[in-house]
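Remarks on the structure that follows.
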2 protein chains.
Amino acid sequence: MPALSIGQVAESSGVKVPTIRYYERIGLLAAPARSASNRREYTPDAVQRLRFIRHARELGFDIEAIRTLIEMQHHPTQSCEQADEIASAQLAAVEDRIERLTALKGELERMLTCCRHERVRNCRVIETLADHDKCLHETH
Amino acid sequence: MPALSIGQVAESSGVKVPTIRYYERIGLLAAPARSASNRREYTPDAVQRLRFIRHARELGFDIEAIRTLIEMQHHPTQSCEQADEIASAQLAAVEDRIERLTALKGELERMLTCCRHERVRNCRVIETLADHDKCLHETH
DNA sequence: TCCATATTCTATAGTCACTATAGATATAGG
DNA sequence: CCTATATCTATAGTGACTATAGAATATGGA
């Protein structure tokens, strides 16, 4: 069973080579064995680990949260309450961002429909930015 | 008419003191006059400028876009086509982010409703992260 | 007037999660 | 054997700030 090179692991996990080295440096991914010429030699479970990390990153979890989730994976009989909390916090953060972005979207749309594409002097985009009171933007 | 201190400008613009100095350093805000003891002495228009920047930042415009918008403000007779383009690009980016965040929200919700708050061994949150195929997540 | 507190100044480093670069070495394919 | 590719390390850069350290100045009360 031949060991996997960092390039192969990158290929099958979808995580870029420099990012894999970065994860190793910050202790998110265990350092693998090395070949005689000092190259990293991975076992297939590194691919699983990296997929886990990648998926969590795509979902917007930060590195510290992922570190905790990985730590939990190593203790399968513990309560998963903490994983639940992390995911719930993430969901709340995502909902908050959606709400704020939706408000921004509205404001940008109003800006754009009011600008009659003339001169900067009369440009609603510039005007709205210059005077917050002119817009209906209501975030907190 | 007394000049405004950086603290007063920060107070009335809503931009923090270190951030104002940062904007000056990167050339987004003109360096004001200095007092005999080397303190910044602002005129009231600095407050307007900073409000413009703050509002644009709240709308998610990046510094380079803001730089262009400010540059345009200095040429009021030019066409505002570029401002329009910048705002349109921003709108598109915001719409894209909303779409992706909405997908993530769905996935997080599914994760959470499936987890029966038991042991890590059976935790859907951990499971879903470990195996992308188990989720219906469809971004790009 | 003195003193304590608050404000300001500069320069530098830290944040997050990478990404890019430079320069050296090693391997694989033709 | 030669060349192109892959790997290695260390370091610096990204964006938009934020934090820190250490010095100088200003403000307000006893």
Side-chain angles (χ1 to χ4, degrees), chain A residues 2-29 31-42 46 49-70 86 89-90 93 97 100 104, chain B residues 2-29 31-42 46 49-70 86 89-90 93 97 100 104:
Chain A
L4 300 162
S5 73
I6 194 167
Q8 291 169 319
V9 168
E11 170 78 10
S12 40
S13 69
V15 179
K16 289 182 199 150
V17 170
T19 306
I20 294 174
R21 286 197 277 248
Y22 166 72
Y23 287 159
E24 180 183 322
R25 211 166 59 239
I26 64 169
L28 197 60
L29 186 73
R34 295 291 183 121
S35 74
S37 62
N38 199 35
R39 295 181 172 206
R40 288 170 178 81
E41 296 190 316
Y42 292 94
R49 166 66 54 86
L50 283 166
R51 281 196 186 137
F52 181 96
I53 295 171
R54 185 168 74 91
H55 190 196
R57 288 290 302 134
E58 277 169 2
L59 285 167
F61 291 95
D62 65 21
I63 299 284
E64 281 320 299
I66 296 171
R67 216 187 277 278
T68 307
L69 290 167
I70 287 172
I86 290 170
Q90 185 57 23
R97 277 201 272 165
R100 301 222 248 130
L104 300 189
Chain B
L4 299 162
S5 73
I6 195 168
Q8 290 170 320
V9 169
E11 170 79 10
S12 39
S13 69
V15 179
K16 288 182 201 154
V17 169
T19 307
I20 294 174
R21 288 197 276 250
Y22 166 72
Y23 287 159
E24 181 182 320
R25 209 166 62 240
I26 64 169
L28 195 60
L29 185 72
R34 293 293 183 120
S35 73
S37 62
N38 199 36
R39 285 168 183 217
R40 289 169 178 85
E41 296 191 316
Y42 292 95
R49 168 65 53 84
L50 283 166
R51 280 197 188 137
F52 182 97
I53 295 170
R54 184 168 73 92
H55 191 195
R57 287 291 301 133
E58 277 169 2
L59 285 167
F61 291 95
D62 64 23
I63 298 285
E64 281 320 298
I66 296 171
R67 218 186 275 278
T68 307
L69 291 168
I70 286 172
I86 290 171
Q90 184 57 25
R97 267 153 76 197
R100 301 222 249 132
L104 299 190

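Every chain is numbered from 1, with letters handed out A, B, ... down the list of sequences.
- For the pair A:Ile6 and B:Tyr22, nearest-nucleotide mapping onto DNA chain D gives the more 5' position to A:Ile6.
- Atom C1' of nucleotide C:dC18 and atom OH of A:Tyr23 are separated by 8 Å, given to the nearest angstrom.
- Summarising the geometry, atom OG1 belonging to B:Thr19 is positioned 9.5 Å from atom CZ belonging to B:Arg21; distances are rounded to the nearest 0.5 Å.
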Inset, instruction - Do nucleotides 24-30 of chain C as a string where each nucleotide becomes B, S or -: B if the base has a protein heavy atom under 4.0 Å, S if just the sugar-phosphate does, - if no protein is that close. - result: -BBS---
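- In this structure, OH in B:Tyr42 is found 12.0 Å from CZ in B:Arg49, a value given to the nearest 0.5 Å.
- Looking only at distances, no side-chain donor or acceptor of A:Arg39 sits under 3.5 Å from a matching main-chain atom of A:Ile6.
- Taking every heavy atom of residues 13-21 of chain B and every atom of DNA chain D, pairs under 4.0 Å involve B:Lys16, B:Thr19, by number.
- Contact annotation for A:Phe61: no contact, since no heavy-atom pair falls under 4.0 Å across all strands.
- A straight line from CD of B:Glu41 to C1' of C:dT8 spans 12 Å, rounded to a whole angstrom.
- Nucleotide C:dT15 holds its P atom 14 Å from the CG atom of A:Asp62, rounded to whole Å.
- The CG atom of B:Leu28 sits 8.5 Å away from the OH atom of B:Tyr22 when rounded to the nearest 0.5 Å.
- With rounding to the nearest 0.5 angstrom, the CG atom of B:Leu69 is 5.0 Å from the CZ atom of B:Phe52.
- Put simply, chain A comes within 4.0 Å of DNA chain D, heavy atom to any atom, from D:dA6 to D:dT9, going 5' to 3'.
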